[in-house]
Amino acid sequence: MKIPADFDAEIWSVVAEIPAGRVATYGQLARLIGMPGHARRAGRALAMAPEGLPCHRVVNSQGRTAPGWTGQRELLAAEGVRFRANGCVDLSASGWEEIG
DNA sequence: CGAGTGACTGCCA
DNA sequence: TTGGCAGCCACTC
(Lines give C-alpha, C1' and ligand atoms only; values in the text may rest on other atoms or scores of the structure.)
Protein backbone atom coordinates (compact mmCIF):
# COMPACT_ATOMS: atom_id res chain seq x y z
CA MET A 1 0.00 0.00 0.00
CA LYS A 2 2.07 2.94 -1.28
CA ILE A 3 -0.87 5.26 -0.85
CA PRO A 4 -1.52 6.10 2.84
CA ALA A 5 -5.02 6.02 4.25
CA ASP A 6 -4.73 9.79 4.58
CA PHE A 7 -4.83 9.99 0.80
CA ASP A 8 -8.55 9.34 0.73
CA ALA A 9 -9.06 11.64 3.73
CA GLU A 10 -7.10 14.41 1.98
CA ILE A 11 -9.11 13.96 -1.21
CA TRP A 12 -12.36 14.13 0.72
CA SER A 13 -11.09 17.24 2.55
CA VAL A 14 -10.30 18.99 -0.74
CA VAL A 15 -13.60 17.88 -2.28
CA ALA A 16 -15.39 19.39 0.72
CA GLU A 17 -13.67 22.70 -0.13
CA ILE A 18 -15.21 22.79 -3.59
CA PRO A 19 -17.80 25.62 -3.65
CA ALA A 20 -21.26 25.06 -5.05
CA GLY A 21 -21.60 25.73 -8.75
CA ARG A 22 -17.97 24.70 -9.34
CA VAL A 23 -16.34 21.41 -10.26
CA ALA A 24 -12.83 20.00 -9.85
CA THR A 25 -10.95 17.28 -11.70
CA TYR A 26 -9.42 14.13 -10.20
CA GLY A 27 -5.97 15.34 -11.17
CA GLN A 28 -6.62 18.67 -9.52
CA LEU A 29 -7.58 17.02 -6.24
CA ALA A 30 -4.53 14.77 -6.33
CA ARG A 31 -2.32 17.75 -7.11
CA LEU A 32 -3.79 19.91 -4.33
CA ILE A 33 -2.91 17.29 -1.73
CA GLY A 34 0.61 17.07 -3.13
CA MET A 35 0.27 13.83 -5.09
CA PRO A 36 0.09 14.71 -8.80
CA GLY A 37 -0.21 11.81 -11.18
CA HIS A 38 -2.41 9.90 -8.76
CA ALA A 39 -5.64 11.07 -10.33
CA ARG A 40 -6.80 7.45 -10.58
CA ARG A 41 -6.27 7.00 -6.85
CA ALA A 42 -8.33 10.18 -6.33
CA GLY A 43 -11.11 8.64 -8.38
CA ARG A 44 -10.96 5.51 -6.28
CA ALA A 45 -11.07 7.63 -3.13
CA LEU A 46 -14.29 9.21 -4.37
CA ALA A 47 -15.66 5.79 -5.25
CA MET A 48 -15.52 4.96 -1.54
CA ALA A 49 -16.36 8.49 -0.38
CA PRO A 50 -19.10 9.00 2.25
CA GLU A 51 -22.55 10.32 1.32
CA GLY A 52 -21.95 13.65 3.10
CA LEU A 53 -19.25 14.41 0.55
CA PRO A 54 -20.06 16.53 -2.55
CA CYS A 55 -18.31 13.98 -4.73
CA HIS A 56 -20.71 14.98 -7.50
CA ARG A 57 -18.58 18.13 -7.90
CA VAL A 58 -15.69 16.02 -9.13
CA VAL A 59 -15.28 15.03 -12.76
CA ASN A 60 -12.45 13.98 -15.05
CA SER A 61 -10.32 16.30 -17.20
CA GLN A 62 -12.80 15.92 -20.04
CA GLY A 63 -15.60 17.21 -17.84
CA ARG A 64 -17.22 13.79 -18.05
CA THR A 65 -19.21 12.51 -15.10
CA ALA A 66 -18.76 9.11 -13.46
CA PRO A 67 -19.93 6.12 -15.54
CA GLY A 68 -23.02 4.38 -14.22
CA TRP A 69 -23.92 7.52 -12.32
CA THR A 70 -26.40 9.73 -14.16
CA GLY A 71 -27.60 11.60 -11.05
CA GLN A 72 -24.26 13.40 -10.80
CA ARG A 73 -25.02 15.52 -13.87
CA GLU A 74 -28.40 16.46 -12.44
CA LEU A 75 -26.88 17.36 -9.07
CA LEU A 76 -24.33 19.63 -10.74
CA ALA A 77 -27.04 21.27 -12.81
CA ALA A 78 -28.95 21.93 -9.57
CA GLU A 79 -25.82 23.64 -8.18
CA GLY A 80 -25.74 25.98 -11.15
CA VAL A 81 -22.95 24.21 -13.05
CA ARG A 82 -23.08 24.76 -16.80
CA PHE A 83 -22.79 22.00 -19.35
CA ARG A 84 -21.57 21.81 -22.93
CA ALA A 85 -23.62 20.68 -25.90
CA ASN A 86 -22.19 17.15 -25.54
CA GLY A 87 -23.37 16.92 -21.93
CA CYS A 88 -19.89 17.41 -20.44
CA VAL A 89 -19.25 19.93 -17.65
CA ASP A 90 -17.93 23.25 -18.90
CA LEU A 91 -14.67 23.38 -16.93
CA SER A 92 -13.90 26.69 -18.60
CA ALA A 93 -16.94 28.26 -16.94
CA SER A 94 -17.62 26.10 -13.87
CA GLY A 95 -14.11 24.81 -13.26
CA TRP A 96 -12.85 25.21 -9.68
CA GLU A 97 -10.22 27.96 -9.12
CA GLU A 98 -10.59 28.77 -12.79
CA ILE A 99 -12.41 32.01 -12.04
CA GLY A 100 -11.41 33.48 -8.68
C1' DC B 1 5.71 -12.64 -9.81
C1' DG B 2 2.88 -11.79 -14.16
C1' DA B 3 -1.37 -10.12 -16.42
C1' DG B 4 -5.68 -7.48 -16.26
C1' DT B 5 -8.44 -3.49 -14.82
C1' DG B 6 -10.11 1.40 -13.77
C1' DA B 7 -15.13 7.49 -11.02
C1' DC B 8 -7.62 9.27 -15.08
C1' DT B 9 -4.41 12.39 -18.26
C1' DG B 10 -2.00 14.19 -22.16
C1' DC B 11 -0.80 14.16 -27.12
C1' DC B 12 -1.92 13.64 -32.03
C1' DA B 13 -5.08 13.56 -36.22
C1' DT C 1 -13.66 21.15 -31.17
C1' DT C 2 -13.96 16.30 -31.12
C1' DG C 3 -12.33 11.43 -31.19
C1' DG C 4 -8.63 7.78 -30.89
C1' DC C 5 -4.34 6.00 -28.68
C1' DA C 6 -0.71 5.23 -25.23
C1' DG C 7 1.07 5.91 -20.41
C1' DC C 8 0.55 5.92 -15.74
C1' DC C 9 -0.07 3.70 -10.76
C1' DA C 10 -2.09 0.87 -7.37
C1' DC C 11 -5.24 -2.98 -6.63
C1' DT C 12 -6.91 -7.73 -7.76
C1' DC C 13 -6.73 -12.47 -9.76
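Numbered from 1 within each chain, the chains take letters A, B, ... in sequence-line order. This is a predicted model, so every value here is computed, not measured. The figures that follow rest on heavy atoms only: side chains count, while hydrogens, waters and symmetry mates do not.
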Which parts of residues 75-87 of chain A get close to DNA chain C, meaning a heavy atom less than 4.0 angstrom away? A:Arg84, A:Asn86
Let me have the donor-acceptor pairs involving side chains of residues 6-14 of chain A, under 3.5 Å, with sequence neighbours excluded, atom names and distances please.
from	atom 1	to	atom 2	distance (Å)
A:Trp12	NE1	A:Ala45	O	2.9

Identify, with sequence neighbours excluded, every residue that meets side chain to side chain contact (heavy atoms under 4.5 Å, CB included) alongside A:Thr65. A:Val59, A:Gln72, A:Arg73, A:Leu76
Tell me the interatomic distance from A:Ile33, atom CD1, to C:dC9, atom C1', rounded to whole angstroms. 14 Å
Produce a footprint string for nucleotides 7-13 of chain B: one letter per nucleotide, 5' end first; B if the base is under 4.0 Å from any protein heavy atom, S if only the sugar-phosphate is, - if neither. BBB----
So A:Ile18 and A:Pro54, do their side chains get closer than 4.5 Å, heavy atoms only? no
Looking at side-chain heavy atoms only, is the closest gap between A:Trp96 and A:Glu17 below 4.5 Å? yes
Stems with DNA chain C, 3 or more Watson-Crick or G-U pairs in a row (under 3.5 Å), are B:2-6 with C:9-13, B:8-13 with C:2-7
If I take atom CD1 from residue A:Ile33 and atom CD from residue A:Gln28, how far apart are they, to the nearest 0.5 angstrom? 12.0 Å
Under the side chain to side chain contact (heavy atoms under 4.5 Å, CB included) test, which residues partner A:Ala20, sequence neighbours left out? A:Arg57, A:Glu79
Side-chain donor/acceptor of A:Ser94 to backbone N/O of A:Arg22, under 3.5 Å: no
Would a single hydrophobic cluster contain both A:Val58 and A:Leu75, if residues Ile, Leu, Val, Met, Phe, Trp and Tyr are joined by side-chain heavy-atom contacts under 4.5 Å? no
Rounded to the nearest 0.5 Å, how far does CE of A:Met35 lie from CG of A:Leu29? 13.0 Å
Nearest-0.5 Å distance, CZ of residue A:Arg64 to CG of residue A:Asn60: 7.5 Å
